[in-house]
Protein chains: 2
Amino acid sequence: MSGLAAALEIVGPRWALLIVELLLDAPLRYGDLQRELGLGTNQLATRLRELEAAGVLYRLPLKHNTRAYALTDRGRALRPAIEALARWSDLE
Amino acid sequence: MSGLAAALEIVGPRWALLIVELLLDAPLRYGDLQRELGLGTNQLATRLRELEAAGVLYRLPLKHNTRAYALTDRGRALRPAIEALARWSDLE
DNA sequence: GGTAGATACTTCCAAAATGAAAGTGCCACG
DNA sequence: CGTGGCACTTTCATTTTGGAAGTATCTACC
């Protein structure tokens, strides 16, 4: 399998890269992500579970039943790819 | 809509970026793409139609009922993004 | 001239992913 | 003890993806 295909197995599903993009700035809570992205809560839960399993992000407990989602080193390493795609869409 | 979201509207669907990756080297025919990727012929037809409509690639007639698919400038501009994703998956 | 093969699809249907809405469990605060 | 915020789960409809088979056109061969 090509490197690209391997990458898409992880960040290919819908919303995955958009979640990572939001977290590049700072950790966010579940509700914040949902409001920013406007996706169904079930899908957000699924994507976060998968991205955590892939080592892209991790859960950061804040208090009682509140936690934030933050990027790992591997997650932050997606910045060049995300910026390249964003720049591509700006061409014309 | 963020630049990233706009890019994913075009290259987000499954197989789309993998098709572009193959065409970065040289134009290929329909059957070549299908054999290389191993996807259903109906989906290849759909993806090619969408990528053509988005100005990423174009049909290049060869002879009678044979044609090749080649990248436009806009399609070739995806190279940095594709390489960034491929490199990311190689980390560890 | 008929037939077999190559090429580029389309059509049909099942399976999986995605999306919208409502419900659950937990804790803090008044 | 009730109300509200937060982080989900469950359920079900819709859309996307996937596999298999069929169609149309031209070419080359017998």
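Keep in mind that what you see is a predicted model, and the values were worked out from it rather than measured. Just so it is clear: chains get the letters A, B, ... in the order the sequence lines come, proteins before strands, and each one is counted from 1.
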message = With side-chain contact (heavy atoms from CB on, under 4.5 Å) as the test, pick out the partner of A:Leu23 among A:Val56, A:Leu33, A:Leu18.
response = A:Leu33
task = Ignoring backbone atoms, test whether A:Arg14 places a side-chain nitrogen or oxygen under 4.0 Å from the OP1 or OP2 oxygen of C:dG19.
result = yes
note = Comparing A:Gly12 with B:Asp32, nearest DNA chain C nucleotide closer to 5' gives the residue B:Asp32
query = Could you state the CG-P distance from A:Leu18 to C:dG19, rounded to the nearest angstrom?
reply = 11 Å
query = Which letter, B, S or -, goes with each nucleotide of nucleotides 20-30 of chain C from 5' to 3', with contact meaning a protein heavy atom under 4.0 Å?
reply = BBB--BBSS--
inquiry  = What I want to find out is whether B:Glu50 reaches B:Arg47 closely enough, with some N-O distance under 4.0 Å, to be called a salt bridge.
reply    = yes
query = Has B:Arg49 got a side-chain N or O lying under 4.0 Å from the OP1 or OP2 atom of C:dC9?
reply = no
inquiry  = Is the positively charged end of A:Arg74 above the ring of B:Trp88, judged by distance under 6.0 angstrom from the centroid and angle within 45° of the axis?
reply    = yes
message = Rounded to the nearest 0.5 Å, what separates atom CG in B:Leu51 from atom CG in B:Leu17?
response = 9.0 Å
ask   = Looking at A:Trp15, does any N or O in its side chain come under 4.0 Å of the phosphate oxygens OP1/OP2 on C:dA17?
value = no
ask   = Does the side chain of A:Tyr30 come under 3.5 Å of the side chain of A:Thr41 through a donor N or O and an acceptor N or O?
value = yes
ask   = Just wondering, do B:Leu57 and B:Val20 contact through their side chains at under 4.5 Å, heavy atoms?
value = no
query = Ion pair present between A:Asp90 and A:Arg87, side-chain N to carboxylate O less than 4.0 angstrom?
reply = no
remark   = With a 4.0 Å cut-off (strictly under) to non-hydrogen atoms of chain A, the first and last hit nts on DNA chain D, 5' to 3', are D:dG5 to D:dT11
query = Hey, quick one: are B:Leu44 and B:Leu60 part of the same hydrophobic cluster, counting side-chain heavy atoms closer than 4.5 Å, chains of contacts allowed?
reply = no
